[in-house]
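Working notes for the structure below.
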Amino acid sequence: MSFEDNEKLASIFETIADALEFLNDNPFKIRAYRNAVDSIRSLNESIVDIYSKSNPKKVEGIGKDLEQKIKEYIDTKKVAYLDELLEKVPYTLFQLKDIRGLGPKTLYKMFERYRVRTLEDVKKLVFENDELKDISLLEKSIKKIREGIELFEEGQSRFSLGASLLIAKGLIEQILKIDYVVKAEIAGSTRRGKETVGDLDILICTKDFKNVSKALANLPHKQIIALGDTKVSLLLSNNMQVDFRIVDDESFACALQYFTGSKEHNVRVREIAIKKGFKLNEYGLFFKDKKIETKSEEDIYKALGLCYIKPTLRENKGEIEACLSNNLPDVVELEDIKGDLHVHSNYSDGLMNLEEIIQEAINRGYEYIAITDHSVSSYVANGLSVERLYEQLNEIDKLKSKYKGKINILAGSEVDIKKDGSLDFDDSVLKDLDIVIASIHQGFGNSKDINTKRIIAAIENPYVNIIGHPTGRLISQRPPYELDMQSIVEKAAKHKTALEINSFYLRLDLNDEHARLAKAFGAKLCINTDTHTKDNFNYMLFGVLTAQRGWLEKSDCLNTLNYSKLKQFLKKR
DNA sequence: GCCGTTTTCGGCCCGACTGTTTTCAGTCG
C-alpha cells in the first residue's frame, strides 16, 4: 500500500546503476536500470501492489530480471545483487560522483590503484601529486579535478528557477549585443520550468561561430570550462555553470528541441524517429540522409507523427503516450490567470498599501484581487488582531465601491492553522470574509500523522477556501513537513477546498508532482504569488510553470475562473 | 537488462570538448 516502497526500490536500482558504472559494466545494462528507476518514480500506484498480484500488469522498462528483483524486495525487503556489488565498490565512493571533472572511471581507478575511498583520500591524492601517470592523469586533468573538488566543497550545486531565469535573461540581453548573433534562447531545465536548475543552457543562433564563441568567452566569468566553436561553458562568479551552444539558423529548431531535453524525453523522441526511418540530432531532422526543413519545434513533432509537447511536459512522464492517445493536457497558461488570491499588504508584513496593490492588479489586467494578510498568531509577520482585521475590512469596503467596474476586490485573511488544527480566528470572524487561506507557519517538527490531521481539520472547516503552501518547504533550505498527501488531496476534493501552488520561487508548494496527484483526485489548485512587494506579482510565472509540469489545465485552477464562478466556489457551505 | 508490425538476437540517441593520445577514452549533457 505504501508509495515509500517505490522510492526505496527506485533508489536501490539507482545505486545498482551507479555501482555498475564504477565497474565499467555494459552501458546499456546501466541504462536499463536507470530507465526502471524513472519508470518506478513516475508510477501512480504502489509497485508492491502491482507485483504482489499473481498476474502483474506490464510496467515500462521492467523485464523478467528486474521483476524478479522486485519480488525479492517484496519478500525480503532487500536486493542481494546490490549487496554483492557493494562488496566491490565502497559506498563512500558514491558520494563523490558529483565532483565535476571526476567521473566514475577515474574514481574507480583511484580506488583500485590507491585505495581511495573518501573525499579526504581524493584530496590527498590530487593535491599532493602533480601527475598520476599510472591512471593517465597528467597536470591538466589533476588541475581540473582540484577545481572540481573546490566547487564540490562549496556545496552550491543547484539554483532556484527564479535565480536561473533572472540570470538567463541578463545574459541573453548581453549576448544579443554581440555582432552577428541573430537570436538567443533559454533551453535546458530552466526552459522546462524545473524548480531547481543545475546549470544554465543558452542556445545562440549565428553564422559567425568563431567570433561569437570568442565573444562569449569574454562575458564576465570566474573560469572557462570549455571553449570550442560550437560550445562554450563558463563558470559564473556565483558558481553557476552556463553552457552556450552555437548553431546556425537552419539547425535552430532541432537544436532548441535537443537542448531543452529532458534527456529521457529526447531518447523517446529519437526512438520514435528511428522507427519511422528518421534521424534526429541537434543539427536537423533527416529522412534517408535528406534534411527536412524544420522552422519550429512544432514542425519536428509533427513530422514524427506527434503533437507539439510543451517544454514543461518533456520529462518522459507519460507525455509521449498521452500524445499518441490524444490525451495530452492543454495546460494552463499565464494568460489564463484572472487574479491573485494570496497578497499581503502593509497591514501585516507586505510593503504595499491597499490601493497600491489594487492599482498593480489593475495594471496587470486582473479581474479580481484578494487581500489576505496574516492573522494574529503570526507575530513576526505583524499578524492582524480581530480589531485590526475589521478595521481593514472597513477600508476594503470603501475601496470596493471606489474601484467598482474596474476590479473586484476580495477581503480575506491568511489564517494560521494552530497546533491542534484549530484556526487563529473563530468561525464567527471567518464568515465575514470573502476568502480564507489557511496555512501552517509554526510547529514543523511534528509527526506525519499530526501534520496531516492539522491540515485536514482546516480543509474541513466550512469557511476555509484554500490551504496555503501546503507542505511548508523552502527549496534547499527547509524540507517539507511530512504529510499523507493522498489523504489530503482526497479531503480537499471532497470539501471543495483548493490547494495552493505558491509561486514564490523558494516555495513552489505544492510542487509539480503533488499538483498532478491533486488533479488526479479531483482537487482544485490555486496558483498564488504570496506577494509582499510590487515585483512579487511577477512570480506568477513560476507557479504557472509548476502547474504545467503538474499537467494542470485551465479548468483545474481556481483563479482561472471568472469572478462570478469564483464567488460560487468560495461559497462552499 | 530491455525489447520486437523488418528482429527472440542484436540492437540500444548522439555529439562536443578535453586531455593524452596519434585514434581514443573520459566526461558531460
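Every chain is numbered from 1, with letters handed out A, B, ... down the list of sequences. In what follows, every heavy atom counts, from backbone to side chain, and hydrogens, waters and symmetry copies are set aside.
Panel note: side chain A:N6, backbone A:L9; no donor-acceptor pair is recorded below 3.5 Å.
In this entry the base of B:dT7 is syn relative to its sugar, with a glycosidic angle within 90° of 0.
B:dG4 sits 8 Å from B:dT8 when the C1' atoms are compared, rounded to a whole Å.
Pairs passing the ring pair (Phe, Tyr, Trp, His ring centres under 6.0 Å) check and including a residue from residues 51-100 of chain A, sequence neighbours excluded, read A:F22-A:F94, A:Y91-A:F94. Screening residues 162-182 of chain A for side-chain hydrogen bond (donor to acceptor under 3.5 Å, both in side chains) gives A:S164-A:T190 as the qualifying pairs, with residues at least two apart or on separate chains. Within the structure, the ring pair (Phe, Tyr, Trp, His ring centres under 6.0 Å) test picks out the following pairs touching residues 108-132 of chain A (sequence neighbours left out): A:Y108-A:F111.
Across all strands shown, A:S233 has no heavy atoms under 4.0 Å from either base or sugar-phosphate atoms. Counting non-hydrogen atoms under 4.0 angstrom, A:P104 reaches the backbone sugars and phosphates but no base. When heavy atoms are screened at a 4.0 angstrom cut-off, A:G101 is found touching the sugar-phosphate backbone but no base atom.
Listed by residue number, A:S136, A:L138, A:E139, A:K140, A:S141, A:K144 are the residues of residues 130-147 of chain A with a heavy-atom contact under 4.0 Å to DNA chain B. DNA chain B lies under 4.0 Å from at least one heavy atom of each of the following residues of residues 65-77 of chain A: A:D65, A:L66, A:K69.
Remark: A:K140 engages no residue in a side-chain contact (heavy atoms from CB on, under 4.5 Å) (not counting sequence neighbours). Listed by chain and number, the residues in a side-chain hydrogen bond (donor to acceptor under 3.5 Å, both in side chains) with A:D208 are A:N211 (sequence neighbours excluded). Residues forming a salt bridge (charged side-chain N to carboxylate O under 4.0 Å, His left out) with A:K231 (at least two apart in sequence, or on another chain): none. Listed by chain and residue number, nothing satisfies the side-chain hydrogen bond (donor to acceptor under 3.5 Å, both in side chains) test with A:E112 (two or more places apart in sequence, or in another chain). Take A:F521 and apply the side-chain contact (heavy atoms from CB on, under 4.5 Å) test, not counting sequence neighbours, and it matches A:Q486, A:V489, A:E490, A:L517. Checked against side-chain hydrogen bond (donor to acceptor under 3.5 Å, both in side chains), A:R473 has the following partners two or more places apart in sequence or in another chain: A:E195.
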Q. Along nucleotides 3-15 of chain B, 5' to 3', which nucleotides get a B, which get an S, and which get a -, given that the test is a protein heavy-atom distance under 4.0 Å?
A. S--------BBBS
